[in-house]
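One structure is given here, and the rest of the page talks about it.
As the structure lists them, so they are numbered: ligands from 1, and atoms in each ligand from 1.
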Amino acid sequence: MKVTNFEDRIHVIDEDSNVTSVIKNIVEPNEQEDAFYVCDVGDMVAKYKTWKTQMPRVEPHYAVKCNDSPIVLSTLASLGLGFDCASKGEISKILKLGVEPSRIIFANPAKPASHIRYANTSDVKMMTFDSASELYKVKKMFPEAKMVLRIRYDAEVAQCRLGVKFGCDPVLEAPHLLQLAHTLGIQVIGISFHVGSGCGDPPVFYKAIGAARKLFDYAEMELGFNMTLLDIGGGYPGDKGTSIDKIAYYVNKGLDDFFEDDTVRVIAEPGRFFVASAYTLVCNVYATRTIGDNQDPNKHTMYFINDGVYGSFNCMLYEDRKVTPQLLKINSTTEYPSSIWGPTCDGMDVIARSIMLPEVNIGDWIVFEDMGAYTLSAASAFNGFPVPKVHLIVDQPTWYFLRDEVCLTNEHFALGNDNIRLGLDDDFSAKPWTYPELPVSMSISRFDISNGEQYQEHVLDYAKP
Ligand code: ORX
């Protein structure tokens, strides 16, 4: 398979380096100002190994919407993953990487007609549905499609509930839709579900697999369908320190209890799991504002950083996402009431409303881990603030693995830590910014209530807050 379109080369780092040392390497010369990402490609490869160990029977089909950066798609394609695409655009991206159409599932239950026609001409046969109208469309535009019925099976706890939009009721609606497909002569090959993104209810996977089994039996025995595919969707956590152990336990138990016959192909549509922890975002504090004086119990400092909810932090608006700011350099042991704001002029553009932070200076850097999922793929440059660039790194053992075991070639890599700073802001010419050292003298106008006259008062102020 040909791997192309890398935004930049992957920098192979030595064993003494890590994401933090790379970040320091980038910011310490004081020439970087824009926010940027460091993406650890090795982290994605490690996730793949974890998945294979934990759920060997389940073929991951990565959900492209979660992060469609070329490096993510190329690496996962090279590792042999399949893909869950939500649109014609996503299908086309994956096909261009050289992935065979049989490794793609068009997993959007409501598809525009032209996208169905595109799937037909590109031979992407597997598609999900959850309504009668979709079946009529498919009958007209892609009668040879292999349809997968999406049922609703919601986790009790999830960061992002998807059941409110997609998935038919497994008891009340699913049998009728299977009957309709049968009447229309459309092939149904399996059942899919998505318990909700960021699932906090692992046993739900067992129950959902059980519900799918009942529909397999109905479709096979009552309607004569040849059911060969179970798609257990997404929902797996991906942040540092999280684990898929519990979900894997319930999935494997569900497969053993309900689908012991391994002629049924089992796939999943993980997004977050593969990319969340691989991406670290680093933002610059470029302005501060102090609210209230020393007498004010609500006195606090606002810090403005150069990425916000219209950019990478859009995940805070679309899902119940909290982020943890970490200062790259700690200036004080005492912490003060603070808030962190994005760069646009919108009052909604806030990242942390009420937190305690050590003293932060203009020019300091704030690091946010676990920023790979649902960040870059929906980020905009609203107000003209650019979407951050990504610096790619990989450790040496993973480099050997990628180079030797999969189809990445030497041209995809750059050796040596020095090169890591390739790809800095193109037009960055400003020198590091410093406060004026001397007190600034100024006059302010005052109004004397006793005689109604205006007078000038001379005050000394320091530019540094
Ligand atoms: O579309 C969305 O908003 C996100 N959908 C997640 C999703 C995944 C897999 N298959 C389908 C999906 O809709 C059909 C991937 O899920 P996860 O990342 O949990 O593994 C929901 C989250 C972002 N708003």
Consider ligand 1: state whether an atom of it lies below 4.0 angstrom from any non-hydrogen atom of [X].
X	answer
Gln159	no
Gly233	no
Tyr374	yes

Could you go through residues 225-237 and list every donor-acceptor pair under 3.5 Å that involves a side-chain atom there, pairing it with any protein atom two or more places apart or in another chain?
residue : atom : partner : partner atom : Å
Asp231  : OD1  : Gly233  : N            : 3.0
Tyr236  : OH   : Ile232  : O            : 3.3
Tyr236  : OH   : Gly233  : O            : 3.0

Would you mind listing which atoms of ligand 1 come within a distance below 4.0 Å of any non-hydrogen atom of [X]?
X	result
Cys160	21 (C), 22 (C), 24 (N)
Gly234	16 (O), 20 (O)
Arg272	17 (P), 18 (O), 20 (O)
Ala107	14 (C)
Ala63	8 (C), 9 (C), 15 (C)

Proximity of [X] to ligand 1 by residue part, where a heavy atom lies under 4.0 Å:
X	value
Asp84	side chain
Glu319	side chain
Pro270	backbone
Asn108	neither
Arg150	side chain

Is [X] salt-bridged to [Y], going by a charged N under 4.0 Å from an acidic O?
X	Y	result
Glu319	Arg272	yes
Lys389	Asp34	no
Lys93	Glu90	no
Glu59	Arg265	yes

Tell me: protein heavy atom nearest [atom], and distance?
atom	value
atom 20 (O) of ligand 1	Gly271 N, 2.8 Å
atom 16 (O) of ligand 1	His194 NE2, 3.0 Å
atom 19 (O) of ligand 1	Ser197 OG, 2.6 Å

Any side-chain donor near an acceptor of the partner, Trp341 and Ser339, under 3.5 Å: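 Note: Trp341 and Ser339 side chains meet the donor-acceptor criterion.
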
Any donor-acceptor N or O pair under 3.5 Å, side chains Asp43, Ser277: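 A pair is found: one side chain offers a donor N or O, the other an acceptor, under 3.5 Å apart.
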
For Val12, the option from Val394, Asp395, Val41 that meets side-chain contact (heavy atoms from CB on, under 4.5 Å):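 Passing option: Val394.
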
Ligand 1 N/O within reach of Glu269 N/O, cut-off under 3.5 Å: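 For ligand 1, there is an N or O atom that lies under 3.5 Å from one belonging to Glu269.
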
Aromatic centroids of His194 and Phe166 separated by under 6.0 Å: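 Distance test on ring centres: not under 6.0 Å, no.
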
Centroid-centroid under 6.0 Å between Tyr62 and Phe273 rings: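 Centroid distance Tyr62-Phe273: not below 6.0 Å, so no.
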
Enumerate donor-acceptor pairs with a distance under 3.5 Å from any side-chain N or O in residues 375-386 to protein atoms, sequence neighbours excluded.
residue : atom : partner : partner atom : Å
Thr375  : OG1  : Met371  : O            : 2.6
Ser377  : OG   : Lys65   : O            : 2.8
Ser377  : OG   : Cys66   : O            : 3.3
Ser380  : OG   : Tyr310  : O            : 2.9
Ser380  : OG   : Phe382  : N            : 3.3
Asn383  : OD1  : Cys345  : N            : 3.0

Nearest candidate to atom 12 (C) of ligand 1, where distance is taken over non-hydrogen atoms, out of Arg321, Arg161, His61, Lys65: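 Looking at heavy atoms only, the winner is Lys65.
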
Selected option - heavy-atom contact closest to atom 21 (C) of ligand 1, from Leu162, Asn314, Thr128: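 It is Leu162 whose heavy atom sits nearest to atom 21 (C) of ligand 1.
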
Atom 3 (O) of ligand 1 touched by protein (heavy atom, under 4.0 Å):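 Flag for atom 3 (O) of ligand 1 set to false, no protein heavy atom closer than 4.0 Å.
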
Cation-pi check, Arg289 onto Phe304 ring (under 6.0 Å, within 45° of axis):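 Not satisfied by the 6.0 Å and 45° rule.
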
